[in-house]
Amino acid sequence: MLIRKAQRKVTKARVGMTGPSGSGKTLSALLMAYGMTEDWDKIGLIDTENRSADLYAETMKAGVQIGEFPKIDIDPPYTTEKYIEAIKAFEDYGVEVIIVDSLSHAWAGEGGIIEQKDQLSKTKNSFAAWGDLTPKQNKMVEAILKCSAHIYVTMRSKTEYVLEANEKGKQVPRKVGMAPVQRDGLEYEFTLVMDLTATHMATVSKDRTGLFDGDFFTPSLDTGKRLAEWLESGEKLISQDSIVKINTKWIELGLQPDLVDPQTNKLFGAPLKGITEKQAEEFITSLKEKLQAKKEQAAADSKGA
């Protein structure tokens, strides 16, 4: 068992945004994403909402001129495989932020997990049906969590109405969002979960950053900027130059390239691309020492011969 020091690294945003229909989830995600990138071309949106996100392009919202942004439209059936394919396509395209709008369709939409479960239940028992579908759900969640870009996921909330007194003392209904429409517990996978009200105000139900805990606010460009600054304030991840140096010295030692990740996992608890630059420097020093020892041993063997 590896015992190591806990270390906060530079990381990517994993943000869940929940709320009832009309609460502003899409716009909030767009504004925060632009606050992080300041470039609409670096924001990719996966649209399952009947192309509704197109309505935001080239409009002024909350004092911000929203430009054209890359998007992928997903039509029914809303299978988890389509979501994974769209995320991969945007990673290959090179965007810095991906917005999944909305993930609820993968669960409760046409062709989603629930509908597939109902179809399978006609020939299998419930346990066997979930045995087929849970791996699909898990693969989609893994694609979100391991995405190389920042990622925002919107989820519809189950909607209820409560009665409350208005300024005249009259009881009037107010729409409130409840649990998100997705598999129970999914919200715990995110770094930050924002719950939006029908009046576009947000609170956080989970906040590993500590930036917004206890606040009641309207998500904006500044919200995205603050989040980006916090994410970038950790230990810097390994540079491409250090990756090349490590792989080169590893091969010079006569070791198999596919054994680098197991070694860094053993030493630092992460594959090569997941270690910090400081850890990379330590690893490079260790490899240099081993190379020097190998050369000295070879020289000694040569003299002895």
Side-chain angles (χ1 to χ4, degrees), residues 1-17 29 32-39 42-44 84 87-88 90-100 138-153 185-194 204-213 222-250 257-288:
M1 300 297 290
L2 173 68
I3 299 176
R4 63 180 182 85
K5 296 288 187 181
Q7 189 176 46
R8 186 166 72 83
K9 305 174 184 177
V10 170
T11 189
K12 299 295 183 180
R14 300 289 180 260
V15 181
M17 309 193 83
M32 288 182 63
Y34 187 68
M36 298 180 79
T37 64
E38 298 183 343
D39 187 344
K42 294 180 180 178
I43 301 167
I84 294 170
I87 290 170
K88 181 64 167 60
F90 269 139
E91 286 184 290
D92 293 341
Y93 187 79
V95 299
E96 294 182 7
V97 181
I98 298 173
I99 300 171
V100 181
N138 290 344
K139 283 183 180 179
M140 181 183 68
V141 174
E142 183 178 10
I144 292 170
L145 298 180
K146 292 187 175 180
C147 180
S148 60
H150 301 291
I151 194 159
Y152 288 75
V153 170
L186 178 64
E187 60 270 30
Y188 299 117
E189 301 286 355
F190 297 99
T191 307
L192 180 68
V193 179
M194 291 186 172
V204 293
S205 55
K206 178 183 178 181
D207 184 7
R208 287 178 177 164
T209 72
L211 294 173
F212 312 105
D213 195 24
D222 183 63
T223 313
K225 288 178 181 177
R226 289 177 62 195
L227 179 58
E229 288 171 359
W230 186 88
L231 294 167
E232 291 292 327
S233 65
E235 287 286 341
K236 302 298 181 185
L237 291 178
I238 185 172
S239 66
Q240 186 59 38
D241 183 56
S242 292
I243 290 174
V244 171
K245 286 181 180 178
I246 288 171
N247 284 326
T248 300
K249 295 189 183 304
W250 188 264
D258 58 356
L259 296 178
V260 175
D261 282 344
Q263 181 64 15
T264 56
N265 267 311
K266 180 179 179 182
L267 294 173
F268 308 113
L272 179 60
K273 291 185 178 180
I275 69 176
T276 67
E277 185 64 18
K278 187 181 294 184
Q279 290 169 334
E281 291 171 1
E282 179 183 335
F283 194 27
I284 290 169
T285 299
S286 173
L287 293 175
K288 285 180 177 178

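Note that this is a predicted model, so its numbers are computed, not measured. We use all heavy atoms of the structure for the numbers below, so side chains are in, but hydrogens, waters and symmetry mates are not.
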Side chain to side chain, [X] and [Y], heavy atoms closer than 4.5 Å:
X      : Y      : value
Val153 : Leu186 : no
Leu259 : Trp250 : yes
Cys147 : Glu91  : yes
Ile144 : Glu189 : no
Thr191 : Leu227 : no
Leu231 : Met36  : yes

Work out which heavy atom in Ile99 is nearest to a heavy atom in Ala33; give both atom names and the distance.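 That closest heavy-atom pairing would be CD1-CB, 4.2 Å.
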
Taking every non-hydrogen atom, the tightest pair across Pro271 and Thr264: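 Heavy atoms only, the tightest pair is C-OG1, 3.3 Å.
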
Check salt bridge (Lys or Arg N to Asp or Glu O under 4.0 Å) between [X] and all other residues, then give those that pass, not counting sequence neighbours.
X      : answer
Lys206 : none
Glu38  : none
Asp258 : none
Lys146 : Glu142

Drop me the distance from [X]'s [atom1] to [Y]'s [atom2], to the nearest 0.5 angstrom.
X      : Y      : atom1 : atom2 : result
Ile243 : Ile284 : CD1   : CD1   : 10.0 Å
Ile275 : Leu237 : CD1   : CG    : 9.5 Å
Arg226 : Glu229 : CZ    : CD    : 9.0 Å
Phe90  : Ile151 : CZ    : CD1   : 10.5 Å
Leu272 : Ile246 : CG    : CD1   : 5.0 Å
Met140 : Ile87  : CE    : CD1   : 8.0 Å

Donor-acceptor pair, side chain of Lys9 and main chain of Gly274, under 3.5 angstrom: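 Between the backbone of Gly274 and the side chain of Lys9 there is a qualifying donor-acceptor contact (under 3.5 Å).
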
For Leu192, is there any backbone N or O sitting under 3.5 Å from a side-chain donor or acceptor partner on Asp207?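 Not at all, since once roles are kept as given, no pair shorter than 3.5 Å links the two residues.
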
Which residues share a ring-ring contact (aromatic ring centres under 6.0 Å, His included) with Phe190, sequence neighbours left out: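 So Phe190 forms no ring-ring contact (aromatic ring centres under 6.0 Å, His included) with any residue.
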
Could you list the residues that satisfy ring-ring contact (aromatic ring centres under 6.0 Å, His included) with Phe283, not counting sequence neighbours?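 Here no residue qualifies.
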
Kindly state each residue pair satisfying salt bridge (charged side-chain N to carboxylate O under 4.0 Å, His left out) with at least one member in residues 271-288, sequence neighbours excluded.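 Listed once each, the pairs are Glu235-Lys278.
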
With sequence neighbours left out, what residues match [X] under side chain to side chain donor-acceptor pair (under 3.5 Å)?
X      : result
Lys42  : Glu96
Glu232 : none
Lys88  : Asp92
Arg8   : Ser233

Sole candidate of Arg14, Met17, Met194 that passes side-chain contact (heavy atoms from CB on, under 4.5 Å) when paired with Tyr152: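 By the side-chain contact (heavy atoms from CB on, under 4.5 Å) criterion, Tyr152 pairs with just one of Arg14, Met17, Met194: Met17.
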
Tell me every residue that passes side chain to side chain contact (heavy atoms under 4.5 Å, CB included) with Ser205, counting only those two or more places apart in sequence or in another chain.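 For Ser205 the side chain to side chain contact (heavy atoms under 4.5 Å, CB included) partners, ignoring immediate neighbours, are Val193, Asp195.
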
